[in-house]
Amino acid sequence: MIPSWAKDAKIGNQCINAKAETVAEKPSFRSAFKKRRCLIVATGFYEWQVQGRTKHPMWIGLKNQHPFAFAGLWEHWTPAEGQPLETCTIITTEPNALMAPIHNRMPVILAPTSYDQWLDPAFQQIDSLKALLRPYPRDELTVYPVSTLVNNPRHDVPQCLEPVSV
DNA sequence: CCAGACGTTGTT
DNA sequence: GTCTGG
DNA sequence: CCAGACGTTGTT
DNA sequence: GTCTGG
């Protein structure tokens, strides 16, 4: 995400995620956290589990395979020259018990019951909003290892989703 | 007052 | 845009 | 996150 | 090493 005040789009490189713990205070995020929240829809995400010298990609998603929504922020940015851009970022939090062995962070997944409040720019109760940014219940998530095929982003194919044995 | 930073991931 | 440091 | 680039001269 | 593109 590129903050609206950025002079250089490269500022966005350091806003690839926003930490739930600090998103309300950081100059790069607090304005969007207050007024420009969004949902980023997905059916799963990948994390790489480090084991010794190798990294195993893992797929994480809902047990029922339904789509879900990450808690996101968005910004409108106008460069000195060129077309304006709308960009976004995903908020992360500490891992739940399922994710902890894999990674030290996990993206915030919102419960459907909180979508309306999250999306309403008129709702600006910071503490209430922060309270929505919790690790998702472990019992509703599933994780399995996948092929290192997914390491190359050009491999946008169904095989990236297939379970492999470790 | 002006100048400069503003951040996360992973990795060290 | 807004805050911190000088 | 990972993969891949990172450059200049001259010629077409 | 660091940045860009996917």
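Each chain gets a letter, A, B and so on, in the order the sequences are listed, and its residues count up from 1.
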- [ ] State whether the side chain of A/Q49 and the backbone N or O of A/P101 hold a donor-acceptor pair below 3.5 Å, judged by distance alone.
- [x] yes
TODO: Could I get the full list of ring-ring contact (aromatic ring centres under 6.0 Å, His included) partners for A/F123, not counting sequence neighbours?
DONE: none
TODO: Rounded to whole angstrom, note down the P distance from D/dT9 over to B/dA3.
DONE: 37 Å
Task: Partners passing ring-ring contact (aromatic ring centres under 6.0 Å, His included) against A/F45 (at least two apart in sequence or in another chain) - done: A/F70
Task: Atom-pair distance (CD on A/E25; P on B/dG7), nearest Å - done: 11 Å
Could you tabulate the donor-acceptor pairs under 3.5 Å formed by side-chain atoms of residues 143-150 of chain A, not counting sequence neighbours?
residue, atom, partner, partner atom, Å
A/Y144, OH, A/L161, O, 2.5
A/S147, OG, A/L149, N, 2.9

Task: Contacts of A/E47 that satisfy salt bridge (charged side-chain N to carboxylate O under 4.0 Å, His left out) - sequence neighbours left out - done: none
Task: Distance between C1' atoms of B/dG4 and D/dT11 (Å, rounded) - done: 46 Å
Task: Shared-cluster residues of A/W5, by chain and number - hydrophobic side chains joined below 4.5 Å - done: A/I11
Open item on the list: Within residues 1-19 of chain A, which residues have any heavy atom lying less than 4.0 Å from an atom of DNA chain E?
Closed with: A/K10, A/N13
Task: Base-paired stems that DNA chain B participates in, counting runs of 3 or more Watson-Crick or G-U pairs under 3.5 Å - done: B:1-6 with C:1-6
Open item on the list: To the nearest 0.5 Å, what is the distance between CZ on A/F33 and CD1 on A/I126?
Closed with: 5.5 Å
Open item on the list: Expressed as a whole number of angstroms, how long is the span from A/K34:NZ to C/dT2:C1'?
Closed with: 13 Å
Under 3.5 Å, which protein N or O atoms sit close to an N or O of nucleotides 2-5 of chain D? Give each pair with its distance.
residue, atom, partner, partner atom, Å
D/dC2, OP1, A/K55, NZ, 2.3
D/dC2, OP2, A/K55, NZ, 3.4
D/dC2, O3', A/N151, O, 3.1
D/dG4, OP1, A/R154, NH2, 3.1

- [ ] Take the protein atom CD of A/E94 and the nucleotide atom C1' of B/dT9, then report the distance between them rounded to whole Å.
- [x] 17 Å
Side-chain donor/acceptor pairs under 3.5 Å, residues 21-28 of chain A, sequence neighbours excluded:
residue, atom, partner, partner atom, Å
A/E21, OE1, A/R105, NH2, 2.9
A/E21, OE2, A/R105, NH1, 2.8
A/E21, OE2, A/R105, NH2, 3.4

Open item on the list: Run the salt bridge (charged side-chain N to carboxylate O under 4.0 Å, His left out) test against A/E86 and tell me which residues pass, sequence neighbours left out.
Closed with: none
Open item on the list: Between A/T89 (side chain only) and A/C15 (backbone N and O only), is there a donor and an acceptor less than 3.5 Å apart?
Closed with: yes
Open item on the list: Expressed as a whole number of angstroms, how long is the span from A/F29:CZ to C/dC3:P?
Closed with: 17 Å
Counting only pairs under 3.5 Å, give me each side-chain donor-acceptor contact of residues 110-122 of chain A, with atom names and distances, residues two or more places apart or in other chains.
residue, atom, partner, partner atom, Å
A/S114, OG, A/A111, O, 2.7
A/W118, NE1, A/C38, O, 2.9
A/D120, OD1, A/A122, N, 2.9

Open item on the list: Output the rounded distance in Å from CG (A/L85) to P (E/dG5).
Closed with: 12 Å
Tabulate below the donor-acceptor pairs under 3.5 Å that side-chain atoms of residues 131-139 of chain A make, not counting sequence neighbours, or state none.
residue, atom, partner, partner atom, Å
A/R134, NH1, A/A131, O, 2.6
A/Y136, OH, A/E140, OE1, 2.8

Open item on the list: Taking the P atom in each of E/dG6 and B/dG7, what is the distance between them to the nearest angstrom?
Closed with: 28 Å
Task: Atom P, compared across B/dT8 and E/dG5: separation rounded to whole Å - done: 23 Å
TODO: Describe the nucleic acid contact of A/T92 in one word from base, sugar-phosphate, nothing, applying a heavy-atom distance below 4.0 Å.
DONE: sugar-phosphate
Task: Whole angstrom value for the distance that separates P of E/dG5 from CG of A/D156 - done: 19 Å
- [ ] Kindly say if A/T22 contacts the phosphate of B/dG7, meaning a side-chain N or O under 4.0 Å from OP1 or OP2.
- [x] no
